[in-house]
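See below for the structure under consideration.
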Amino acid sequence: MIFPLRRYGVFDIVYIQKRMKKNTLFFIIGLVLGPITADAATCSVANLRRCLDSACAIGISSNPAARCQYCGQAAAGGIPKSTLKNTSLPSKNTLSDKELKNAPTDSPGARYVWATTECIKKNAGCTPDDVTDVYDELISASCRAAGISASIDKTLDKTHQGKTLSGCQTDIAICINDEKRCGADFAGCATDTLFDQYFAECGVESTGCGEFLGDIRTDIAAQRKTAAADMEKILADTVSGYQTNRAAKFTAAKNACADDAARQQCIQARCAQNMPNKCAPDFPSERAAATLLCKFHELACDRLTKGDI
């Protein structure tokens, strides 16, 4: 009988040769246990997922649609260009920032293929089938969070019925400008995450516009950027107006303090409105009372002069 030597170590063979006659029992035990002790790499699902996440789930804690955007569907808004760094803890089983520089950034599908290849290299025993089992459902869930299905591109292609660019622009603009989404002034989608989500939803609702989605998204994103800039300008102009008005009032107040005009006007008003005899010369007590009522002018002018306000 010939036994496959690859299942036994060198010391096992020597031991068997020397003691084959005297230790037949040990030989049988070694034969039975040999295959059990042979090395066989198994795929670590946890490490494989961490590796795929390092390429496909960047910023997932704040953006549930990340897996869909990075490795799912372009209709989810495309791969974010501002957050391409790996935020997971570095390890030998994950992809580093340096390695991610080689990852495709123009196609989520191409990035998923690249991530699959690289993560299989880093995780011994893992196969493309393992990637499918571990990650496809996570991408589908992420795409549902983005408001689209994992087959959105195929769906849009099938439902294309010859809509025009202008017709699609109108449909999606109405959808985006809905008050429940971005609104006419885009105030409802101040963050890129919300904008990507709402655009994805509108892309699904506007059937037959698949081939125009990229151009329409670029156009609406530019409108959103312009609206944000206009809002900032309005805010800046409003603040500047208040600052100018405040400065003018301070200047007028200081001038009134300089010649005591404001305090004298206050005394005259109190005499006319509050004193029975209108502070006539024969009633000095009334003028004294009116002067006391206007004492706050002295305190205010003193603070203005000292620059305490």
Side-chain angles (χ1 to χ4, degrees), residues 55-87 97 100-101 103-108 111 142-149 152-153 156 163-248:
C56 300
I58 299 172
I60 191 71
S61 60
S62 59
N63 178 18
R67 290 191 180 100
C68 189
Q69 290 176 330
Y70 281 98
C71 295
Q73 296 294 326
I79 299 174
K81 296 296 188 293
S82 59
T83 54
L84 291 178
K85 288 188 175 182
N86 174 16
T87 56
D97 287 340
L100 286 177
K101 291 180 180 179
T105 59
D106 56 345
S107 168
R111 188 181 181 91
S142 179
C143 286
R144 288 193 293 272
I148 63 174
S149 69
I152 181 63
D153 287 338
L156 290 174
K163 271 192 175 182
T164 64
L165 173 60
S166 63
C168 290
Q169 286 174 325
T170 300
D171 290 348
I172 293 180
I174 292 174
C175 178
I176 284 286
N177 293 335
D178 189 288
E179 291 183 357
K180 295 180 180 179
R181 292 190 170 98
C182 292
D185 59 357
F186 293 95
C189 55
T191 66
D192 291 341
T193 300
L194 283 175
F195 176 72
D196 291 341
Q197 175 185 332
Y198 292 147
F199 185 84
E201 292 175 359
C202 292
V204 173
E205 292 181 13
S206 303
T207 56
C209 295
E211 66 179 291
F212 304 123
L213 286 180
D215 292 336
I216 293 174
R217 186 182 186 282
T218 298
D219 182 56
I220 294 180
Q223 295 176 25
R224 173 173 170 258
K225 184 177 180 179
T226 299
D230 290 343
M231 185 61 66
E232 289 181 3
K233 185 177 184 304
I234 291 173
L235 180 60
D237 290 345
T238 301
V239 172
S240 177
Y242 277 115
Q243 289 175 334
T244 301
N245 188 39
R246 178 174 177 270

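All heavy atoms count here, side chains included; hydrogens, waters and symmetry mates do not.
Residues satisfying the salt bridge (Lys or Arg N to Asp or Glu O under 4.0 Å) test with Arg224, not counting sequence neighbours, are Asp192. The salt bridge (Lys or Arg N to Asp or Glu O under 4.0 Å) check on Lys233 picks up Asp237, with sequence neighbours excluded.
In plain terms, the two heavy atoms of Tyr198 and Gly188 that are nearest each other are CE1-O, 3.7 Å. Closest approach of Phe199 and Ile172 over heavy atoms only: CE1-CG2, 3.9 Å. Shortest non-hydrogen contact noted between Cys168 and Phe212 is SG-CD1, 3.6 Å. Summarising the geometry of Ile60 relative to Ala66, their closest heavy-atom pair is CD1-CB, 3.9 Å, with the distance given to 0.1 Å. Taking every heavy atom of both residues into account, Ala55 and Arg111 meet most closely at O-NE, 2.9 Å.
One finds the CZ atom of Arg181 at 12.0 Å from the CD1 atom of Ile174 (value rounded to the nearest 0.5 Å). How far CD1 of Ile216 is from CG of Asp171: 8.5 Å, rounded to the nearest 0.5 Å. Note that SG of Cys182 is 10.0 Å distant from CD of Gln197, once rounded to the nearest 0.5 Å. In this structure, Ile220 CD1 and Cys202 SG are separated by 7.5 Å, a value rounded to the nearest 0.5 Å. In this structure, Asp178 CG and Glu201 CD are separated by 10.5 Å, a value rounded to the nearest 0.5 Å.
Remark: of the listed residues Cys56, Pro108, Ser142, Ser142 is the sole one forming a side chain to side chain contact (heavy atoms under 4.5 Å, CB included) with Cys68.
Counting heavy atoms from C-beta outward, Ile176 and Arg217 have side chains that stay 4.5 Å or more apart.
Formation of a donor-acceptor pair under 3.5 Å by the Ser240 side chain with backbone atoms of Ala236 is not found in this model.
Using modelled atom types, one finds no donor on one side chain facing an acceptor on the other under 3.5 Å when comparing Gln169 with Asp219.
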